[in-house]
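To start, the structure itself, in structure tokens.
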Amino acid sequence: MDSSIDWELLGRYLAGLCTPEEREAFERWVAADEARADLVAMMRRAWEASGTLPPQLDVDAAWKRVSERVGIRPPADGHRAATEPSQPRILPFRESRAHPRPQRRFARAAAAVVGLAVGAALWQLAVRPEPATDPFAAARTYTTRPGQRAELRLPDGTRVVLSVASTLRVPDSYGDRSRSVALEGEAYFEVTHDEARPFRVHTAHAVATDLGTRFGVRAYAGDAVTVVVREGAVSLRPAAPPAGSPDARPRPDAAAAQDSVVLAPGDLGRVDTTGRVTAERAVAIDDHLAWTDGRLVLADVPLAQAIVQLNRWYDIDIRLADDSLGSLRITGEFAAEPISEVLRFLTAPLGLEYDREGRVITLRPN
Amino acid sequence: MSRSLMDRDDAPASPAQQAAGLDDAELVRRLRMGDAAAFELVFRTYYVPLCTFVSVHTGSLEVAEELVQDVFASLWERRDHLELRSTLQAYLYGAARKRALSHGARTRIERRWVERVLRREHDAPTAAHAPAADGDLWSKELRAAVSAILERMPERRRLTYMLSRDRNMSYAEIAEALGVSIKTVEVQMGRALRDLRDGLAAAGWLER
């Protein structure tokens with residue numbers, strides 16, 4: 001069988017999305033070889049045979065319900081259909097301040113926390129007081145547990161989506177002269193740009209400064225810090241002491257001030273734990289930021305790294321019976337599938353099996 | 001192969017839209033003005049296909065109907081702020097998908113999808129839907145073979161394929177509706193077709 005076929009082109013051909021030139025070229029290519037012609041004819045038959053029948057639904061009744069609900073026409077019998085809030089739900093948001101503190105800016109901030117469902121996990125955000133030892137002392141802390149994500153808005157309108165097992169600190173002085181936040185874990189920012197008050201994300205060993213933009217920062221403890229840019233630009237540099245982040249500790253090797261890098265849309269910048277800065281161009285930004293809409297995308301990553309991410313995502317504890325398994329590579333996308341399915345997905349293609357005891361799951365060679 | 005080729009925003013208007021002589025821009029303009037007739041047209045055009053789409057996520061047509069009704073109620077309530085990135089179709093599918101995901105009812109749907117397709121095949125005369133060779137055994141067997149291959153595809157791959165196949169959506173629209181990149185749509189379409197080819201070959205429909 002001819003294996004040189006361009007499947008993506010065939011897809012657009014069958015879907016009628018080719019330009020006339022592409023179609024002509026493709027048809028010439030097909031006509032040149034009988035086996036190709038057979039294959040394409042069969043694929044077209046399969047394409048045509050794969051249509052699904054629309055379900056039988058009572059559209060009139062549905063229209064009546066919706067039009068009554070939104071008040072386009074009065075209910076026929078005075079019995080109003082149940083209305084449901086159509087705005088995003090504001091989910092419980094637990095706050096536990098150990099001691100009272102002037103509310104100042106945050107009285108109006110009162111960050112709305114909008115839940116993004118991850119599986120059946122319940123939302124819980126803890127706000128904890130911090131000891132007054134650093135610039136972030138008088139700060140609000142937003143923490144998500146594994147399996148939880150949260151969305152919040154800062155007083156200047158900047159939108160933050162906080163990923164699983166992450167902590168964001170927002171100083172009470174946020175917005176006074178600058179806008180700095182500290183992050184451990186992963187977050188996505190849509191920054192309201194303000195030349196006069198740069199927006200900075202401090203992490204353990206890097207600082208990302210917004211130059212007008214939407215970007216994601218990943219800075220889990222002990223890991224390289226990565227920044228991906230969806231829109232605008234971000235400047236990334238290693239954290240030089242004294243950095244604002246309470247997590248930043250002076251690092252002799254980082255003090256050797258590596259250059260910073262300016263990242264454009266599609267770029268991924270990385271600062272490793274020694275402060276070395278690198279950048280990759282044209283990465284799959286959507287995959288890196290898929291978590292913001294509830295998907296975890298793993299694209300050809302080592303199993304060792306995949307389980308770290310899955311553990312945070314599902315709040316489970318996958319372990320490897322044998323460290324050498326960690327170098328197996330895996331590709332997949334996860335949302336809120338049951339754990340059993342995730343495990344089947346992880347084990348079957350890699351020829352592994354697993355034991356499960358509560359949250360702890362051990363993968364071993366089959 | 002230029003990206004712009006796929007990035008069409010001139011997707012064909014639905015039959016109902018064409019009948020009414022309305023394109024997306026005009027529909028959106030009327031919606032913004034609070035034109036209930038335009039809203040009803042959009043509703044009647046997209047209600048059934050959206051329910052079909054959402055039921056793939058939820059596994060239940062009843063739940064899908066509720067969620068899709070929410071989508072339309074919300075569309076009307078927020079008509080003042082309605083902004084399309086590409087087409088109305090892509091917008092509606094994207095909104096429906098978000099509902100389905102936040103409903104938390106997202107499950108693996110292979111079984112359900114195929115159960116439904118097969119059940120329908122059983123109940124309904126296929127002639128209404130099958131192409132040229134409708135009704136005959138050959139066509140029926142091929143449909144069953146294709147259903148089985150679709151059943152085995154990962155969800156996103158199948159959804160990509162079905163949106164292209166059933167809804168004639170452009171890759172840009174599918175990308176928006178599924179919340180993925182156009183590149184992902186291209187890749188998933190390519191893989192879906194390769195799966196089909198392999199499956200058909202394995203089932204003896206094609207020479208290996």
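Note that the coordinates shown come from a computational prediction; the quantities given were computed from them, not determined experimentally. When reading the values below, keep in mind they use all heavy atoms of this one structure, side chains included, and skip hydrogens, waters and symmetry mates.
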Practice prompt. Could you pull out all residues at least two apart from Tyr47(B) that satisfy ring pair (Phe, Tyr, Trp, His ring centres under 6.0 Å)?
Written response: Phe43(B)
Worksheet item: With sequence neighbours excluded, what pairs up with Tyr188(A) under the ring pair (Phe, Tyr, Trp, His ring centres under 6.0 Å) test?
Response: none
Sub-4.5 Å side-chain heavy-atom contact between [X] and [Y]:
X: Glu8(A); Y: Gln188(B); value: no
X: Leu14(A); Y: Arg165(B); value: no
X: Val66(A); Y: Phe39(B); value: yes
X: Val48(B); Y: Val59(A); value: yes

With only heavy atoms counted, which part of [X] is less than 4.5 Å from chain A, the side chain, the backbone, both or neither?
X: Leu193(B); result: both
X: Val185(B); result: neither
X: Glu65(B); result: side chain
X: Glu40(B); result: both

Taking atom [atom1] of [X] and atom [atom2] of [Y], what is their separation to the nearest 0.5 Å?
X: Arg65(A); Y: Glu66(B); atom1: CZ; atom2: CD; value: 6.5 Å
X: Arg69(A); Y: Trp76(B); atom1: CZ; atom2: CH2; value: 14.5 Å
X: Leu57(A); Y: Glu62(B); atom1: CG; atom2: CD; value: 10.5 Å

Worksheet entry | Closest heavy-atom pair and its distance - Gln69(B), Ala62(A) | NE2-CB, 3.6 Å
Worksheet item: Can Phe72(B) and Ser67(A) be said to form a side chain to side chain contact (heavy atoms under 4.5 Å, CB included), step by step?
Response: CA-CA 9 Å; Phe72(B) 280 107; Ser67(A) 56; over 6 Å; no
Worksheet item: Where on Ile285(A) is there a heavy atom nearer than 4.5 Å to chain B: the side chain, the backbone, both, or neither?
Response: neither
Item to complete: Please assess Asp60(A) against Arg44(B) for the test side chain to side chain contact (heavy atoms under 4.5 Å, CB included), listing each intermediate value before the final yes or no.
Response: CA-CA 8 Å; Asp60(A) 288 329; Arg44(B) 290 184 179 278; 2.8 Å; yes
Discussion item. If you apply the rule side chain to side chain contact (heavy atoms under 4.5 Å, CB included), what do you find for Trp205(B) with Met42(A), and how did you get there?
Written reply: CA-CA 8 Å; Trp205(B) 289 88; Met42(A) 189 64 218; 3.7 Å; yes
